[in-house]
Amino acid sequence: MCKKMFLMVVVAIVGWQLPLWSANEGARVANYEVVPLPQSIQQGKGKAFVLDASVQIVAPESLQREAAFLATYLNEATGLQLTVIAKKPKQARCIVLNTDSRTVKAPEGYQLTVDERTVRLTGGSAAGLFHGLQTLRKAIPLPEIFGKADETHQILSTDFTRCRVPATNVNHPAANTQQILFPPVSIADAPRFGWRGMHLDCSRHFFPISFVKKYIDMLALHNMNIFHWHLTDDQGWRIEIKKWPRLTEVGSQRSGTVIGCNSDLDDQQPHGGFYTQAEAREIVEYARQRHITVVPEIDMPGHMVAALASYPELGCTGGPYEVGHFWGVYKDVLCVSNERVYQFVEDVLSEIMDIFPSDVIHIGGDETPTDRWKACPRCSQLKTTLGAKQTLQGHFTERVFNFLTAHHRRALGWDELLDNNAPQNSMIMSWRGTQPGSKAAAIGHDVVMAPTSHCYFDYQQNEHTAHEPSRCSGYIPVEKVYSLEPVPDSLAAEARSHILGVQANLWAEYLTTPGLVEYQSLPRAAALAEVQWTQPERKNYEAFVGRLTRLTRLYDWLGYQYAKILWPQRQLPSRWQF
């Protein structure tokens, strides 16, 4: 039945576009069947809107930034340099941008109408308008870079840093097109979920600020609105804290890294780096302009060895500690009975809140062994005082939660918080499957689903592991990501309202270069985007693959590395396998 429906859609699209092709030979025709798929696409009547050099972009002062983004996107795809004006001239053919919360009820929704004279895009807010811009951008057909026309793009180096396609190469065929035809249409669209995110671990391997910006652009392309930035862990502290300078002087550097999957071999090569507060603010602003919120994560009370190496007095044993070389879970954690620890936490979070305006601050809370607490006389005494109703980690989390709440922020943590009497207003990120998230939602916690089964993008995409650059365990193909249903049928209506959305996580133990991060993200980010945005009844995997294939032409054009498992003809020649 799905195949039959897919064929009907293809026939309808071809029938729609045949008159356009015959009337404008040589022009390329936009296709609104993009990723993520809009909620409603209604074919219009009449002639197509012709995008050429005479078209102008009309936007009020409040939307000049969005108009500039559109002008850039169109220039990248077509080579056209369209002007942006504030008032629509009479009889001119224009792309008109506006916002109207009365017409478009969902703040992140938009309406797109196209006729012969005008492309009119209206957002429920500037964010909704921005998502509509992505639809326009992705609707423009691009030539296929991979293939016989350009065999050089089939040769990739193992470090994933070469084979870049200039983003504004006006000599590329896509930039020399005289006309793009936008068929008449009416699109009404809005996201299914309010939390549509991806995570990036910059602790295990440090990535430059230029790549963090590129990653944010990748999120924007996929209509995502949350960038979860993992900044601290056992293997490196990556954010400047002025009151505690040794966190970056000592904690941001490690003297070596284990080779492979926690073997006994260490490369003995220094690795380090951190973001200054000015750089972090620059990332926050870069994301804000693209309607993306940066949610910082300071993982505590476990995953703190880099901090303990910087300030040994924060641990139960007093050290000495060393910034971690190997992966996994370390037994050394913050000493929860030490009042200086809470001063440290409050100082760190105060500076984090000053940098990041996000309502939500991620405090980690996962994988926290209790071995050191059990052997610590002060922690043992605190446990006796607390009694059976509260765990030591629960006590710690409650104090951190109360501090954030007093500063009008919300605490978000991994689902282990549920095992430690999580405060009622704390948010839960469900990573150990969807069941913890369902449990949390049922008792009133707001939840973000990020299960390892579907959303851990550091896991392999290819079951033939010899052909995968990452050796991380697990196998999550594109189809499995697409199959995720974040809201179980078993949940009651009230509990369903607490499922805020979905995100994918990229842990960087084995992601040593920016290109590897891109490869592990794509094209699975596209499947995730449709889970996050599109209503379930609109989803169809076979049709999605067709839309995704068109989207990969934009990946090629933007120079993104991505896994080509769904397109065997694009796989590397045998001599280039890695």
Do the side-chain N and O atoms of Tyr475 and Asn462 include a donor-acceptor pair separated by under 3.5 angstrom? no
Quick check for you: to the nearest 0.5 Å, what is the distance between Asn223 atom CG and Leu528 atom CG? 11.5 Å
Only counting residues at least two apart or in another chain, list the ones meeting salt bridge (Lys or Arg N to Asp or Glu O under 4.0 Å) with Glu530. Arg547
d(Thr434 OG1, Asp415 CG) to nearest 0.5 Å is 10.5 Å
Hey, is CD on Glu249 packed in by over 12 heavy atoms from elsewhere, all under 6.0 Å? yes
If we ignore angles and hydrogens, is there a donor and acceptor under 3.5 Å between the side chains of Asn225 and Glu108? yes
Minimum heavy-atom separation for Ala287 to Val294, with atom names? CB-CG2, 3.6 Å
Between Trp414 and Trp431, what is the ring plane arrangement, given parallel below 30°, perpendicular above 60°, and tilted in between? perpendicular
Verify the distance criterion only: is there a donor paired with an acceptor across the side chains of His303 and Thr232 at less than 3.5 Å? no
Please work out which of the three classes, parallel, tilted or perpendicular, describes the rings of Tyr342 and His395, given edges at 30° and 60°. perpendicular
Straight-line distance of Gln393 CD to Glu416 CD, nearest 0.5 Å: 7.5 Å
Residues which pass salt bridge (Lys or Arg N to Asp or Glu O under 4.0 Å) with Arg290, listed by chain and number, not counting sequence neighbours: Asp217
OG1-CG distance between Thr368 and Asn420, expressed to the nearest 0.5 angstrom: 8.0 Å
Test: salt bridge (Lys or Arg N to Asp or Glu O under 4.0 Å). Region: residues 335-354. Which pairs qualify, not counting sequence neighbours? Lys243-Asp347, Arg281-Asp354, Glu313-Arg340, Glu339-Arg399
What residues, two or more places apart in sequence or in another chain, satisfy side-chain contact (heavy atoms from CB on, under 4.5 Å) together with Val305? Asp234, Tyr330, Asp332
List the steps and the verdict of salt bridge (charged side-chain N to carboxylate O under 4.0 Å, His left out) for Glu282 and Lys213. CA-CA 9 Å; Glu282 185 178 338; Lys213 290 179 178 179; 2.4 Å; yes
Hey, does the side chain of Glu367 reach the backbone of Val329 with a donor-acceptor pair shorter than 3.5 angstrom? no
Restricting to non-hydrogen atoms, name the atom on Gly437 and the atom on Ile499 that form the minimum distance, rounded to 0.1 Å. O-CD1, 4.4 Å
Salt bridge (Lys or Arg N to Asp or Glu O under 4.0 Å): pairs with one or both residues in residues 505-515, sequence neighbours excluded: Arg204-Glu509
Any pair with a residue in residues 519-529 that passes salt bridge (Lys or Arg N to Asp or Glu O under 4.0 Å), sequence neighbours left out, goes on the list, sorted by first then second residue, please. none
Please report the shortest heavy-atom distance between Leu142 and Ala77, naming the atom on each side. CD2-O, 3.7 Å
Kindly indicate whether a cation-pi arrangement holds for Arg137 with Tyr73, taking the cut-offs as under 6.0 Å to the six-membered ring centre and within 45° of the axis. yes
Checking ring-ring contact (aromatic ring centres under 6.0 Å, His included) for the pair Phe206/Tyr275: CA distance, chi angles, key distance, verdict? CA-CA 9 Å; Phe206 178 77; Tyr275 307 99; 4.7 Å; yes
Residue pairs fulfilling ring pair (Phe, Tyr, Trp, His ring centres under 6.0 Å) with at least one residue in residues 248-271, sequence neighbours excluded: His205-His271
Between Phe69 and Phe130, does the ring centroid distance fall short of 6.0 Å? yes
State which residues pass salt bridge (Lys or Arg N to Asp or Glu O under 4.0 Å) with Glu285; sequence neighbours excluded, sorted by chain then number. Arg288
Grab the two heavy atoms, one from Tyr215 and one from Leu200, that are nearest each other, plus how far apart they are. CE2-CB, 3.9 Å
Exam field: side chain Arg238 to backbone Gly273, donor-acceptor pair closer than 3.5 Å: yes
For the pair Ser310 (side chain) and Gly251 (backbone), establish whether a donor and an acceptor sit closer than 3.5 Å, ignoring hydrogens and angles. yes
Residues in side-chain contact (heavy atoms from CB on, under 4.5 Å) with Ala411, at least two apart? Ile363, Phe401, Leu404
Applying side-chain hydrogen bond (donor to acceptor under 3.5 Å, both in side chains), run through Glu76 and Trp557 and close with a yes or a no. CA-CA 9 Å; Glu76 288 177 348; Trp557 176 242; 5.1 Å; no
Side-chain donor-acceptor pair present, Gln460, Ser473, cut-off under 3.5 Å: no
Value rounded to 0.5 Å, distance of NE2 in His291 from NE2 in His131: 8.0 Å
Report the relative orientation of the aromatic rings in Phe344 and Tyr311; use parallel for angles under 30°, tilted for 30 to 60°, perpendicular for over 60°. tilted
Does Asp419 have any side-chain hydrogen bond (donor to acceptor under 3.5 Å, both in side chains) partners at least two apart in sequence or in another chain, and if so, which? Arg432
May I ask you to decide if the ring planes of His362 and His228 are parallel, tilted or perpendicular, using 30° and 60° as cut-offs? parallel
Residues at least two apart in sequence or cross-chain that pass salt bridge (Lys or Arg N to Asp or Glu O under 4.0 Å) with Asp299, listed by chain then number, are none
Donor-acceptor under 3.5 Å (Ser125 side chain, Pro107 main chain): yes
Side chains of Asp189 and Trp533: donor-acceptor distance under 3.5 Å anywhere? yes
Please round to the nearest 0.5 Å and tell me the distance separating atom OG1 of Thr248 and atom CD1 of Ile239. 9.0 Å
Contact summary for Val212 and Ile283, nearest pair of heavy atoms: CG1-CD1, 3.6 Å
Heavy-atom closest pair, residues Leu97 and Leu133: CD2-CD2, 4.1 Å
Sorted by first residue and then second, give each salt bridge (Lys or Arg N to Asp or Glu O under 4.0 Å) pair with at least one member in residues 257-274; sequence neighbours left out. none
Does a donor on one side chain sit under 3.5 Å from an acceptor on the other, for Tyr110 and Thr135? yes
Among Trp507, Phe227, Tyr456, Phe457, find the residue that satisfies the ring-ring contact (aromatic ring centres under 6.0 Å, His included) test when tested with His199. Trp507
In terms of side-chain heavy atoms, does Trp229 have a donor or acceptor partner in Glu297 at a distance below 3.5 Å? no
